[in-house]
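Since this is a predicted model, take the numbers as computed values, not measurements. Letters A, B, ... are given to chains in the order of the sequence lines, protein chains preceding strands, and every chain is numbered from 1. Excluded from the calculations below are hydrogen atoms, water molecules and symmetry mates; all remaining heavy atoms, backbone and side chain alike, are included.
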Amino acid sequence: SPSVWFSVLALVYLEHLELSMKVGTTPICAYGQAGCHIPSLADFFDRVIQQSSRMHGISSDLHSEFEQYFFPSKNFIGKRKCHTYGILTPEDKENAQRLGREELTEIILRLLEAWGDPLSQLYWSMSQDQNQDFNHYSSNKALEISDMVHELRDGVEKMVEKMKLLGVLGNTVGYISPEVWCPLLPCPSINKENSTH
Amino acid sequence: MLNWILGAEACLSHVLPGISPPGKPVLVGCRSPEKETFTCWWEPGSDGGLPTKHRLYYERERLEGVFECPDYLSAGRNSCFFDKNHTSIWVDYYLTVVASNALGNATSDPFKMDVVEIVKPNAPENLTLLLEGREDSPYLHVSWQRPYNTDTKSGWVTIKYELRVKQENSNQWKVYMSGTQTHFNLYSISPGVMYMVQVRCRLDHGFWSEWTNTTYVKVPNYLQNERPFWMLVSALSTIPFIAAACVLVMKRKYVKQYVLPPVPGPKIRGVDFQLLKSGRSEDVINALIINQNFPLMMGSKDQTEEYLIVTENENGIPDPSASQKRKKSLIIPGFCLDSEIQCKGSTPILNDCETSGETNREIKNCVKSNKSLSNMKPSQLPAQEQQWQSMNFVSTEATGQNRHDNTMQPFANSSYVDIQRPVENIKEVDVKQVDYRRVEEVNGNNILILPLNSSVCMDVQRPEENISEDYSKVKVVES
């Protein structure tokens, strides 16, 4: 799941977006009462960043647990190329700053979209586990991270709408075609940006 | 030329003992302080006695080829510094160090790392402590700055701070999370105590930095000026309380009398209660009788004295006017019973008049035109020492059943209505004479005539001087 970390990374880039927008803060109302302002964009960014930070922690835990179960010898198997391997994320600060808001946003949405189904599948297979390889703790983590990814995707989509309304984001961010995820490799790549495949 | 050098090396190794190819170096670790650059360090093995050069080579994910360390100098000995141009995040680096000397090479084990996983920032800077707030509620304002090379402005890194506080004499640090703020207010401080504060930070999910150097602050003792004043005031105010308490303790008897005045005990006029409690029966009796101050009877002058014992059943209407002087007097318990018995059995006179079932403790004596009785002149009696007893009892109820009062047969003379009894009855009565002594009060209008019986064991003596007086009155009985 290192690619999941890419999403975390991308969301961290969001903060770069946030700080360049300088939207004023307003009080937060949880229940949308009348006369109450909905969260500001800055608040949205804060929440998204915190959520992705939590996701990072959970996926790290899961990863090390999987290594214990499946790769106990700790040899370098090498990174498998996961299905979002082709989604290129900026490698350093200069590239990230060069990319621009629309591209960054698109990367984020694509990553989140791509990982919703695989994580649900992961949880399902862990809960069906006959061998009792995974304890309850691990399968709970898989469920949690699966839920988080779905929530994050919905939240970022809302944020994008708001940003478009505010004129902060151009309208080029349109429908994100989902990454094809094929449980059985090889799988046709439809990612045009992918130059390394 | 090269062959010669190689040959020379081989010769040298045979000629000069103790030289050898270098030992294997070990990569100890790498660190990135701001996620934009990083440095790696290695530990060289033995140099084999010859000048040994170390080189670091790396391969990188998503990049073809093998590259050598761009900078061996900036980070010191046995290190390799990767600047911004050579640093990429979220990609794996595979590092190896090669040690080489004249005799050979040695290659370290490959070291895999990702820049994001080796982030450890520098400690925060310029930690300052400011004492603020009012004198009675001070607080400590702790402030610091981010490490100089971290780019939080553009959002490249998300920084989190943590500070810890310790009292000077304590071993326990108290840790507080500060989030992304570069300041913190400590409210739980005590005056007169020295505090030590330290701060550290971390980026994203990386490692915590080292703690800053300790900064000290001493909270001044604000209350010092006030405290002696209040102590003095409280000390002075307790002095009157203590004095009052001492006075109370010393005069506790008086206080007790004042606060809890003694309840007056039962008092019998003329009777000493103490004597009663402690004395013998004779003493008691004498006390009862002698000390009674019977007011002198002026009966000789007053022939219209009333002796209210006599009641008649016919009338039954008490005369309230006559009952004014009546007082309640105790009935000797058991007496009435006896008298009733006596009434019953003794004289026919009584039998006629007796009413049964009377609870009134009245002695119903019949007024008889009993000449024999009325003929008893007082003057005769003492001479004869007749035994007569007449109990003229008046028991007047407070409820006004003073039927004794009425039925006045107007006595022309002061005559009694007596109950004469035979001697044996007297004896019976004698036995009960003790009861008589319990008459507590005899009004002047009530006459208690005691039997003047020589067989009476108590020491009742009729005083001699009574002989010449009207013995319708009992004077003083001396025992």
Side-chain angles (χ1 to χ4, degrees), chain A residues 2-22 42 45-46 48-50 52-61 63-64 74-81 84-98 101 104 107 111 194-197, chain B residues 27 32-38 58-65 67 70 82-96 108-119 146 149-160 177 179-181 201-208:
Chain A
S3 287
V4 180
W5 300 348
F6 288 178
S7 70
V8 174
L9 160 76
L11 289 160
V12 170
Y13 292 151
L14 268 178
E15 186 164 6
H16 168 65
L17 277 178
E18 170 203 354
L19 289 169
S20 65
M21 281 182 202
K22 291 195 173 53
F45 275 114
D46 277 339
V48 160
I49 289 164
Q50 279 174 29
S52 59
S53 174
R54 268 198 296 270
M55 228 165 61
H56 177 93
I58 296 175
S59 68
S60 300
D61 290 344
H63 184 79
S64 52
K74 288 237 180 203
N75 289 331
F76 297 139
I77 305 287
K79 258 188 202 161
R80 285 172 172 267
K81 289 186 178 153
T84 55
Y85 186 76
I87 301 175
L88 292 175
T89 55
E91 287 181 342
D92 52 31
K93 188 164 80 171
E94 286 74 21
N95 282 333
Q97 285 171 337
R98 207 183 309 144
R101 298 173 192 170
L104 268 177
I107 289 169
L111 281 170
N194 185 8
S195 58
T196 60
H197 269 194
Chain B
L27 274 160
S32 169
E34 78 286 79
K35 217 166 73 175
E36 296 176 51
T37 65
F38 70 100
Y58 70 92
E59 291 174 65
R60 209 204 76 176
E61 194 180 347
R62 291 189 199 250
L63 205 57
E64 291 291 333
F67 306 91
F82 294 78
D83 61 358
K84 290 186 187 185
N85 296 332
H86 294 90
T87 304
S88 299
I89 58 172
W90 294 119
V91 286
D92 285 337
Y93 284 75
Y94 300 89
L95 309 168
T96 52
S108 69
D109 292 334
F111 186 84
K112 187 180 91 156
M113 50 140 280
D114 190 331
V115 176
V116 175
E117 292 167 352
I118 57 164
V119 175
R146 61 170 179 82
N149 50 4
T150 52
D151 185 9
T152 52
K153 194 166 179 298
S154 72
W156 180 241
V157 288
T158 309
I159 197 164
K160 267 195 299 204
M177 290 295 298
T180 57
Q181 291 183 141
C201 60
R202 83 168 180 179
L203 305 176
D204 296 347
H205 275 263
F207 299 100
W208 284 101

> Taking all non-hydrogen atoms of both residues, which atom of A:D92 and which atom of B:K84 are closest, and how far apart?
Replying inline: OD2-O, 4.3 Å

>> So that I can tick it off, tell me whether B:E34 and A:K93 are bridged by a salt bridge, with the cut-off set at under 4.0 angstrom between side-chain N and carboxylate O.
In response: no

>> Minimum heavy-atom separation for B:H205 and A:G57, please, with both atom names.
In response: CE1-N, 3.9 Å

> Counting heavy atoms not belonging to B:F207, are there more than 12 under 6.0 Å from its CZ?
Replying inline: no

> Under 4.5 Å between any side-chain heavy atoms of B:R62 and A:L88, yes or no?
Replying inline: yes

